[in-house]
Amino acid sequence: MAFTVKNNIRWVGKQDWELREFHGSEYSTHRGSSYNSYLVKEEKIALIDTVWAPYAEEFVANLAKEIDLGAIDYIIANHGEIDHSGALPALMARIPDTPIYCTANGAKSLRGHYHQDWNFRIVKTGDSLDLGNGKQLVFVEMPMLHWPDSMATYLTGDAVLFSNDAFGQHYASSQMFNDLCDPVELQEECIKYYANILTPFSPLVTQKIHEVLALNLPIDMIATSHGIIWRDKPTQIVEQYLKWADNYQENQITLVYDTMWNGTRMMAEAIAEGIRKADRDVVIKLFNLSNTDKNDVLTHVFRSKAILVGSPTVNNVMLPHVAALLEEMTGLRFKNKAAAAFGTHGWSGGAVERITKRLDDAGFRVLNPGITAEWRPTDDALAQGVSFGEAFIEQLGKTGQNTAGDLATCADSGKMRCQTCSWTYDPQQGEATQGVAAGTAWQDVAETFLCPVCFMGKSDFVPA
Ligand code: FEO
């Protein structure tokens, strides 16, 4: 279903209505997805991104109906991940000498995937490519949003930003423009995408958006590589990203748990009752991890100001669904969220202590040592659960929020280690490539500072 996006820009991608799992089985796609590829037909012809490998032959066949493949002058690979580059082998088999414009890391990832030495042309931020008719493609590197190779491409004249993964959603839609599709579905898919994919890179999101906004480029459309194209007030999603990247939370508390014989569920409900007694305004959500989609739960964690995580003790440890969620939350590096653990046990405990430790490791502000009930909770144990919920609200009110400022103060003048790659900032040496002079204390380093190895932001650093 090729269609015109604007003037000489044609969408030539693939709607994947059947997709229910993405990144292997890592990300649920209840509403399918799309792999958006764009053909820009000016005096010169450029193809921006392709589609996932299973649709490679279909993609190339459809593309050949749009254009003589030999007439394509340039291929732009904004990102090497195979959902966008997967049709390159099939396409390059037909037009092997066509230049592929990508970042240096893009060439690395494409070589890594396909082991082909195609005609790569390396671009950096600000480089441009003339398409004729007064239009140019301008490249903007977007390292770690969400791969080191990521970039966006801006088409002057039409003022369209081809943003690749950024601002996208896993959402198959016949409408394909934000003003035509269901706004509730769109919002749900956007926040899920941000929460599950982009959360760890929030400091970079903020920095990169401000960098792009400072260029004062007119933006008439944002053409993503997944889901719909933003043409009605396109910068609304940019503003939304700035909010999500800024320690986002809503007035919500989420309880997630697994349960064997319902004891932990009973404790979850008792704690929720206590929370409700203490705060009638807060939204409370309960999820049994064994029967709820993990990515939906993580989206609710992202929206919450606090979470409670529960498990019965089995062989001195927690149930595996709970352990898996804690591992995933550690990687997502949620900020500015409080937490506590709860559970049940028979002849020996262990789960609550382990959950508490893992919540702390994952960067949550743990408010107390948690609560566990023996065997099937008695009425007394459930009453204690209610009291625990009430006390949790009181503790939450007292603790305030972690801020970047607090973290900077904690770190003060010592060495600081990047949690992602372990590169260490040494104030004695500074960081010359970003103009940070030797002798600069961490608290005086600009908030826009990035780890020179993995590009994570300042808030990702901890005392070394
Ligand atoms: Fe849609 Fe990072 O690939």
Side-chain angles (χ1 to χ4, degrees), residues 11-38 47-56 59 75-89 91 100-114 139-153 161-173 176 186 189-202 204-205 208 222-230 237 241 244-245 295 298-299 328 331-332 420 454-456:
W11 182 95
V12 290
K14 172 67 186 176
Q15 291 285 352
D16 193 345
W17 291 95
E18 287 194 353
L19 191 76
R20 289 296 176 269
E21 291 183 330
F22 187 76
H23 283 160
S25 57
E26 158 57 28
Y27 187 109
S28 61
T29 49
H30 307 316
R31 297 184 173 108
S33 190
S34 71
Y35 319 109
N36 298 339
S37 171
Y38 302 94
L47 177 73
I48 300 177
D49 294 323
T50 68
V51 302
W52 187 30
Y55 301 107
F59 168 78
I75 295 170
I76 315 300
N78 277 326
H79 176 30
E81 197 163 9
I82 59 165
D83 48 327
H84 309 295
S85 66
L88 278 178
L91 183 61
I100 299 176
Y101 289 75
C102 59
T103 62
N105 280 323
K108 208 183 279 183
S109 60
L110 290 170
R111 282 194 177 101
H113 280 306
Y114 304 111
F139 304 107
V140 182
E141 292 170 278
M142 311 267 276
M144 295 314 293
L145 294 178
H146 66 127
W147 273 22
D149 67 2
S150 300
M151 75 171 183
T153 299
L161 180 69
F162 299 95
S163 61
N164 197 260
D165 280 333
F167 312 125
Q169 337 82 44
H170 288 300
Y171 182 29
S173 166
M176 283 309 291
L186 178 57
E189 294 304 334
C190 283
I191 194 168
K192 177 178 176 180
Y193 189 91
Y194 189 96
N196 284 272
I197 296 176
L198 290 164
T199 299
F201 311 113
S202 288
L204 296 177
V205 169
K208 186 51 71 175
I222 297 177
T224 67
S225 61
H226 295 295
I228 60 84
I229 296 163
W230 299 91
I237 187 62
Y241 264 45
W244 286 336
N295 301 106
L298 286 166
T299 306
E328 192 137 0
L332 289 172
T420 300
C454 72
F455 308 111
M456 293 306 291

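Start at 1 and go down the list; that is how both ligands and their atoms are numbered.
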*Asks:* Does the side chain of Ser85 pick up a donor-acceptor pair with the side chain of Tyr114 at under 3.5 Å?
*Replies:* yes
*Asks:* Please state the angle at atom 2 (Fe) of ligand 1 spanned by OD2 of Asp165 and NE2 of His79: what is it, rounded to 10 degrees?
*Replies:*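 An angle of 90° at the metal.
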*Asks:* Can an N, O or S atom be found in Asp83 less than 2.8 Å away from atom 2 (Fe) of ligand 1?
*Replies:*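 Coordinating: no.
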*Asks:* Classify the ring geometry of His170 against Tyr27: parallel below 30°, tilted from 30° to 60°, perpendicular beyond 60°.
*Replies:* perpendicular
*Asks:* Which angle, to the nearest 10 degrees, do you find at atom 2 (Fe) of ligand 1 between NE2 in His146 and OE1 in Glu81?
*Replies:* 90°
*Asks:* Out of curiosity, Leu186 CG to Arg31 CZ, how far, rounded to the nearest 0.5 Å?
*Replies:*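 Spacing of CG (Leu186) from CZ (Arg31) equals 9.5 Å.
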*Asks:* Which value, rounded to 10°, describes the NE2(His226)-atom 1 (Fe) of ligand 1-NE2(His84) angle?
*Replies:*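 That angle is 90°.
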*Asks:* Using the ring of each side chain (for Trp, its six-membered ring), is Tyr35 parallel, tilted or perpendicular to His226, with breaks at 30° and 60°?
*Replies:* perpendicular
